[in-house]
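Worksheet for the structure shown next.
Just so we're clear, the structure is a prediction, and the values are computed from it rather than from any experiment. One-based numbering along the sequence shown. Just the heavy atoms: all of them, side chains too, but no hydrogens, waters or symmetry mates, feed the values below.
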Amino acid sequence: MSTEPSTHKIPRSIPFKTMSLLLVASLVSLAIGVYFAKPIGKTVAKLKPQSQTSDDGHDHAGVTQYSTCGMHPWIILPNPGACPICGMDLVPLDPAKFTGEIAIDPVVVQNMGVRTEKVAAGPLVKNIRTVGTVDYNETLVRDINIKISGWIEKLHIDYLGAKVKQGDPLMEIYSPDLYAAQEEYLIAYRAQQQQAQANSTLLESAQTRLRYYDITDAQIAQLQNDDKPSKTMTLQSPYTGVVIAKHANEGMKVDPGMQVLRIADLSKIWVIVTLYEYQLPYIQLDNKATMSLPYIPGHTFEGTVVYIYPFLDKKTREVQVRLEFDNPDGLLKPGMFANVSLENRLADERTLAPREAIIDTGARQVAFVALGKGRFEPRDVITGVRTENDRIEVLQGLKPGETVVTSGQFLLDSEAKIRAALARMIQGDNGNDVQVVSDTQAAGTMPALPDAFANALNQVIDAYLAIGKQLSNDSIEHVAHHATTLTQAINTLTAQSMPGNEHFWHQHMQIKDALQASEVLTNVKDIKQAREQFALVSINLQQLLKDTGVPASLGQTIDALHCPMFRNTQGGSHWLQTHGDVKNPYFGQSMLDCSDKQESLPIAGQASQQMTDAMSSNLPDDPAQLLGQLIDRYLAIQHQLTLNQMDGIVEQLASFKQLTGQLASKLPAKQAPNATAILQTSDLDTRDIKSLRRGFADLSDAMITLVQASKSELPLQRNLYQAYCPMVKKNWLQADETIRNPYAPQMLDCGSIKTQLTQTDGGEK
């Protein structure tokens, strides 16, 4: 046995630092692969074979074993081999792992607060809630007019509102014509009694004359018995109802054709409601209507739609609909206001899903189907009519019996997007271009609002603030009433048009979500449900006000606040209130001042002008200072892009352009073209962040050219670096050496410093 020491070294473990670097490199590689899913998918689609033959000689159609490079994960090929970039051996990649389906540990699912509900089949019933006014049934209103001249000796019905039945005495009237008609009748009657063969025509003529004076057969018979005319005759009511107009008094002289009384039968009444034209397709004759009155609690009335008026108001785009209700007890009185629900059964059976289960991105609608054991599948759906009980018709994408996620689906959505990107890489499916759209346009960029629009928006804000005040006081006493007002105000608002922008409401579809939540608020029974719906109204109303600004005519400053504790699994919740102390509507008195953010919303038509005026008055004359401020605006835009956000982009661009124009006027003639190039490239498309990034690349190149050309004449006492990303082949400027890639936030540190343009002493490396 040899005792010589071994020449073989004992292998040592990999240092922790090296392991960490390898792990970070792997994560970055995965992120790069996700970002380049689309271009890689095109290549894979060309390379992917339709089938693969195994070693046993059998053809396994549709089965392909893909391979990838560990160092360059965006390299995916259908056959094993070497990486075309680094030459490393490719490793197998299991396509089954990269589908749209996601799997999460059931314990994590429970901690995320994921709730589910079944998709059901049921009748498609559309309900429209509105308000109406009780009115007389015009077909049951009768006038009583005098047919002879005379004097009212006695008035039996002598006050408004008196109830009258058919045959009741109304008044006793003296009329010479009526007295003469009585005598004429008695003479004809006596003649017939004395002469058996007398002509009866004269008697019938006299009797007809009395009847035409509204004398009844019973009164004529009494005249025969008395055998003498009466000074006055009693006029009886031919109708049953309530006196709603009275123009007669005792002793008053009356003439033929004079209206003395108007009687209305209130056993059936009309209710007039107002609907918007987009609601008309859901209303038909004989539709069921349910009515309730706040001053008759616990009592509902059933009626029907009897008439839809054939014209609408051109200004408000409203149409009136007539409903009919039985009123045997007289509880419904003309002039009352009522809450009305119109119901139309559109179909006997449709697929219905909970409204909360649908994520509406504007371009598409998505629902997450729970497959069990922590597995979820995103499903594109097409929806139809929203029904009662906050359910929505599903035309395509879901089947009855499937289970869908109703809470926490936004957390699942972020995970599903990553899986879907990887799936496109494997399947060679380019899919739809995904655009990250800014949640709101720049605040205050809207011009001064039209008066009708501003007034309607003021009504929305007032009703909303009233609900928030109640909730902050831990009360829902008047929430339903204010919610009804809010619903009406939103409907009035959406009927207004924005001059110069006929697609304004198509661009602000969030108002529909606010309307739906306010409709639910009209029937809330507990404060927890009220706060949930109030949060939905708040989010969508805040987005609208950031675009339009607060109307100056409101006369109040409106603050936007954020509560991190309410709906904390969804990032907290926002609300609006008047400027002042925090009054949290979600926790009320228990945490009244809970808020981590409070900012005032701009006034419509003033914010942009104020910013422009302030900039114009504060612009420096020194070109070096102007260039420094210009770089500050550029870096602010670059920072927002690294955050994948567009907050304040429009304001920064407006300031950027004004600074550029001022700088161009101060630069030497040979530098002016560089400033002009910046002006030409600064007109960025701010509709979505993808378009903004495309324009930002050209702007960055122009900025780099300007800084390089002017650094000798305009020394900047600051560090400024030119960075470059080889993946997208684009440059940008940043203020330090830590890479912050504005073109690919999912690969934030992808890139390198190409050169240092300036430094604190004005030199250059």
Side-chain angles (χ1 to χ4, degrees), residues 136-269 327-330 333-334:
Y136 297 105
N137 186 332
E138 294 178 3
T139 64
L140 299 179
V141 176
R142 303 285 188 266
D143 284 347
I144 296 179
N145 298 324
I146 294 297
K147 299 176 180 177
I148 53 177
S149 60
W151 289 262
I152 299 176
E153 295 272 332
K154 183 173 180 55
L155 190 63
H156 294 282
I157 303 300
D158 56 358
Y159 63 91
L160 287 173
K163 295 183 178 180
V164 180
K165 293 183 179 179
Q166 186 175 8
D168 286 352
L170 296 178
M171 64 189 71
E172 295 180 11
I173 185 171
Y174 163 69
S175 170
D177 293 337
L178 184 57
Y179 191 87
Q182 295 180 71
E183 288 185 327
E184 179 183 337
Y185 177 80
L186 289 175
I187 292 172
Y189 177 72
R190 293 177 187 138
Q192 186 185 45
Q193 295 297 320
Q194 294 173 2
Q195 302 177 13
Q197 302 297 324
N199 189 353
S200 63
T201 302
L202 183 61
L203 179 63
E204 292 176 357
S205 176
Q207 187 178 34
T208 300
R209 185 180 181 188
L210 287 173
R211 286 174 178 166
Y212 285 172
Y213 285 154
D214 292 333
I215 304 302
T216 65
D217 290 342
Q219 289 176 300
I220 294 174
Q222 184 65 39
L223 177 62
Q224 292 177 6
N225 293 334
D226 294 342
D227 196 28
K228 65 177 182 179
S230 174
K231 177 185 176 183
T232 61
M233 293 292 287
T234 300
L235 299 182
Q236 299 178 357
S237 174
Y239 315 114
T240 298
V242 175
V243 175
I244 62 173
K246 171 180 168 290
H247 305 290
N249 295 297
E250 289 187 0
M252 178 175 147
K253 184 180 184 304
V254 293
D255 295 310
M258 179 183 294
Q259 181 200 78
V260 292
L261 296 172
R262 173 170 287 180
I263 297 175
D265 185 354
L266 298 182
S267 61
K268 287 183 179 292
I269 57 91
N327 187 30
D329 301 326
K333 306 183 187 307

Test side chain to side chain donor-acceptor pair (under 3.5 Å) on Ser175 and Asp177 and set out the steps. CA-CA 5 Å; Ser175 170; Asp177 293 337; 4.7 Å; no
Side chain to side chain contact (heavy atoms under 4.5 Å, CB included) evaluation trace for Leu170 with Val260: CA-CA 10 Å; Leu170 296 178; Val260 292; over 6 Å; no
Step by step, would you call Arg190 with Asp227 a side chain to side chain contact (heavy atoms under 4.5 Å, CB included)? CA-CA 9 Å; Arg190 293 177 187 138; Asp227 196 28; 3.1 Å; yes
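Listed by chain and number, the residues in a salt bridge (Lys or Arg N to Asp or Glu O under 4.0 Å) with Asp329 amount to none (sequence neighbours excluded). Every residue was checked against the salt bridge (Lys or Arg N to Asp or Glu O under 4.0 Å) condition with Arg142, not counting sequence neighbours, and none meets it.
Of the possible donor and acceptor atoms, none in the side chain of Arg211 sits under 3.5 Å from a partner among the backbone N and O of Ile220. Side-chain atoms of Asp265 never come within 3.5 Å of backbone atoms of Leu140 as a donor-acceptor pair (strictly under, hydrogens ignored). Of the possible polar contacts, one joining the Thr216 side chain to the Gln219 backbone as a donor-acceptor pair under 3.5 Å is found. Panel note: side chain Thr208, backbone Glu204; a donor-acceptor pair is recorded below 3.5 Å. At distances below 3.5 Å, at least one donor-acceptor pair connects side-chain atoms of Gln182 with backbone N or O atoms of Ser230. In this structure, Asp226 contributes its side chain and Lys228 its backbone to no donor-acceptor pair below 3.5 Å. Of the possible polar contacts, none joining the Glu183 side chain to the Pro229 backbone as a donor-acceptor pair under 3.5 Å is found.
Applying the side chain to side chain donor-acceptor pair (under 3.5 Å) test to residues at least two apart or on different chains, the pairs with a partner in residues 149-168 are His156-Glu172.
Looking only at side-chain heavy atoms (C-beta outward), Lys246 and Leu155 come within less than 4.5 Å of each other. No side-chain heavy atom of Ile215 sits under 4.5 Å from any side-chain heavy atom of Leu223. Contact annotation: the side chain of Leu261 never approaches that of Val164 to less than 4.5 Å [non-hydrogen atoms, C-beta and beyond]. The side-chain heavy atoms of Met171 and Ile146, taken from C-beta on, include a pair separated by under 4.5 Å. A heavy-atom distance below 4.5 Å is not found between the side chains of Asn137 and Ser267.
Applying the 6.0 Å contact sphere to NZ of Lys253 captures more than 12 heavy atoms from other residues, nucleotides or ligands.
In this structure, CD1 on Ile263 lies 3.5 Å from CD1 on Ile144, to the nearest 0.5 angstrom. Taken from NZ in Lys231 to OH in Tyr179, the straight-line distance is 10.5 Å, to the nearest 0.5 Å. To the nearest 0.5 angstrom, Tyr189 atom OH is 11.0 Å from Gln207 atom CD. Arg209 CZ to Leu178 CG: the interatomic distance, rounded to the nearest 0.5 Å, is 9.0 Å. Note: Asn145 CG to Arg262 CZ = 9.0 Å, rounded to the nearest 0.5 Å. Summarising the geometry, atom OH belonging to Tyr239 is positioned 8.5 Å from atom CG belonging to Asp143; distances are rounded to the nearest 0.5 Å.
Closest heavy-atom contact between Leu266 and Val242: CD1-CG2, 4.2 Å. Heavy atoms only, all atoms of each residue included: Ile157 and Pro169 are closest at CG1-O, 3.9 Å. Considering all non-hydrogen atoms of both residues, Leu203 and Ala188 come closest at CA-CB, 3.7 Å. Between Tyr213 and Lys147, the shortest heavy-atom contact is CE2-O, 4.3 Å.
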